[in-house]
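Structure record follows, encoded as structure tokens.
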Amino acid sequence: MVLPRSFYIRPNVVQVAIDLLGKKLCTRIGGHITSGIICETEAYAGVTDKASHAFGGRRTGRTEIMYSVGGTAYVYLCYGIHSLFNVVTNAGEIPHAVLIRGIIPATGTDIMLDRTGLKSITENSGIGPGKVSKILGIHYSHSGIDLVNKPGDPEGPSMWIEDIGITVPSGMVETGKRVGVDYAGTDSELPYRFRIQIRDLPALRDQEGLK
DNA sequence: CATAGGATCGCCT
DNA sequence: GGCGATCCTATGT
């Protein structure tokens, strides 16, 4: 089931970040469908969060997308090299977002090989926000794509997230500080990073099989 | 117009 | 554990 708008527009961005664990992030880029199970996320709490690009209500050409309605993709270029993929959450004009930091490759591993030049795709190949975009073919030019309604052009790039029947037990979710946001002062200490360990995957895959 | 710096990665030691 | 790659974005003059 493709996640509906109601999943994204919930007001608690931290809860959305946790609930995205175990969901399947899918893209159709250049006619190729690839996907992976989300295993690491970070929440960015908008205008009050010093680590957020929208802190203080900042609106620029880049961050404007963050003010879209929940269920919109926000992708930006980091370090001149990496496209980082985020999901905008909450109602319009409230710039909350969840950074997807890691996925376990699921569909289209042959395409991922082409995109990365790796010799093989493993469970680690999508760990790291830059790698997520690399293996899924996501580019910062895809910022603004709607994750709920398919774009008008059926041939164009498209991205969505599916519920595949996995429920991650809270005891399986590891919480920590966000990465690379030391400039945010005390906000860098917030426990807004969430991940599931690869060693716990077999149990989750069993759930998927039962559905 | 000029410039500094970044929600990273992979290779090197 | 350290560093270079690489370029857009934001900000300041």
Side-chain angles (χ1 to χ4, degrees), chain A residues 8 12-18 20-21 25 27 34 36 38-68 70 72-90 94-105 112-145 147 157 159 161 173-196 198:
Chain A
Y8 299 107
N12 186 343
V13 64
V14 168
Q15 190 61 52
V16 175
I18 294 169
L20 279 169
L21 296 173
L25 172 59
T27 64
T34 48
I38 297 170
C39 63
E40 184 172 342
T41 62
E42 280 177 359
Y44 286 83
V47 299
T48 60
D49 180 358
K50 279 188 181 165
S52 170
H53 292 163
F55 175 67
R58 208 156 46 126
R59 293 183 95 117
T60 66
R62 177 174 74 157
T63 64
E64 187 62 31
I65 295 295
M66 299 184 78
Y67 294 81
S68 305
T72 303
Y74 169 52
V75 191
Y76 71 96
L77 184 70
C78 188
Y79 296 109
I81 300 175
H82 306 285
S83 287
L84 267 52
F85 173 80
N86 300 253
V87 177
V88 175
T89 71
N90 214 318
I94 302 176
H96 288 182
V98 176
L99 171 66
I100 307 301
R101 290 193 58 89
I103 59 170
I104 310 296
M112 296 175 186
L113 287 174
D114 290 344
R115 287 173 178 157
T116 59
L118 294 170
K119 291 191 181 67
S120 64
I121 297 296
T122 70
E123 290 175 331
N124 291 310
S125 299
I127 306 299
K131 294 170 158 187
V132 170
S133 296
K134 182 95 176 184
I135 68 174
L136 293 182
I138 297 170
H139 185 260
Y140 61 86
S141 64
H142 298 134
S143 196
I145 287 181
L147 302 172
M159 308 161 48
I161 303 178
V173 178
E174 185 173 300
T175 304
K177 291 160 49 169
R178 293 173 292 184
V179 175
V181 295
D182 290 347
Y183 59 84
T186 53
D187 284 351
S188 70
E189 305 292 323
L190 293 169
Y192 281 3
R193 179 190 189 189
F194 308 98
R195 66 182 150 177
I196 49 184
I198 286 180

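Letters go in sequence order (proteins before strands), and every chain restarts at 1. Being a predicted model, the structure only gives us computed values, none of them experimental.
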When the distance from [atom1] of [X] to [atom2] of [N] is rounded to whole Å, what number comes out?
{"X": "A/K50", "N": "B/dA7", "atom1": "NZ", "atom2": "P", "answer": "15 Å"}
{"X": "A/Y74", "N": "C/dC8", "atom1": "OH", "atom2": "P", "answer": "15 Å"}
{"X": "A/Y76", "N": "C/dT9", "atom1": "OH", "atom2": "P", "answer": "12 Å"}
{"X": "A/Y79", "N": "B/dT8", "atom1": "OH", "atom2": "P", "answer": "5 Å"}
{"X": "A/H53", "N": "C/dT9", "atom1": "NE2", "atom2": "P", "answer": "11 Å"}
{"X": "A/H142", "N": "C/dC8", "atom1": "NE2", "atom2": "P", "answer": "16 Å"}
{"X": "A/Y183", "N": "C/dA10", "atom1": "OH", "atom2": "C1'", "answer": "13 Å"}
{"X": "A/L84", "N": "B/dC9", "atom1": "CG", "atom2": "P", "answer": "7 Å"}

For [X] and [Y], work out which heavy atoms get closest and say how close.
{"X": "A/T63", "Y": "A/R58", "answer": "OG1-O, 3.3 Å"}
{"X": "A/S125", "Y": "A/K131", "answer": "O-CB, 3.7 Å"}
{"X": "A/S52", "Y": "A/G46", "answer": "CB-O, 3.5 Å"}
{"X": "A/D49", "Y": "A/A45", "answer": "OD2-N, 2.9 Å"}

Face-to-face contact A/Y44 to B/dA7 six-ring, under 5.5 Å, under 30°: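 Yes; centroid distance and tilt both under limits.
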Donor-acceptor pair, side chain of A/N86 and main chain of A/Y74, under 3.5 angstrom: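 Yes, A/N86 side chain to A/Y74 backbone: donor-acceptor pair under 3.5 Å.
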Short side-chain to backbone donor-acceptor contact, A/H139 and A/S141, under 3.5 Å: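 Side chain of A/H139 to backbone of A/S141: a pair is present.
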Touch check for [X], heavy atoms < 4.0 angstrom, all strands: base, sugar-phosphate only, or nothing?
{"X": "A/L99", "answer": "base"}
{"X": "A/R178", "answer": "nothing"}
{"X": "A/K134", "answer": "nothing"}

Distance below 4.0 Å between A/R193 side-chain N/O and B/dA7 OP1 or OP2: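 For B/dA7, neither OP1 nor OP2 has a side-chain N or O of A/R193 closer than 4.0 Å.
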If you check every side-chain atom of [X], which of [options] has the closest atom?
{"X": "A/R58", "options": "C/dT11, B/dA7, C/dC8", "result": "C/dT11"}
{"X": "A/I81", "options": "C/dT6, B/dC9, B/dA7", "result": "C/dT6"}
{"X": "A/C78", "options": "B/dG10, C/dC7, B/dA7", "result": "B/dA7"}
{"X": "A/P129", "options": "C/dC7, B/dT8, C/dA10", "result": "B/dT8"}
{"X": "A/T60", "options": "C/dA10, B/dG10, B/dA7", "result": "C/dA10"}

Stems involving DNA chain C, each a run of at least 3 consecutive Watson-Crick or G-U pairs under 3.5 Å: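 So far as stems of 3 or more pairs are concerned, DNA chain C shows B:1-6 with C:7-12, B:8-12 with C:1-5.
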Pairwise distance CD1(A/I138) to OG1(A/T27) - rounded to 0.5 angstrom: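 So the gap between those two atoms works out to 6.0 Å.
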Integer angstrom distance from the P of B/dA7 to that of C/dG1: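 That atom pair is separated by 22 Å.
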Rounded P spacing from B/dA2 to C/dT6 in Å: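 So the two P atoms sit 23 Å from each other.
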5'-most by nearest nucleotide on DNA chain C - A/H82 or A/Y140: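 On the 5' side of the pair lies A/H82.
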A/T72 vs A/I65, side chain to side chain contact (heavy atoms under 4.5 Å, CB included): CA-CA, chis, key distance, verdict: CA-CA 8 Å; A/T72 303; A/I65 295 295; 4.0 Å; yes
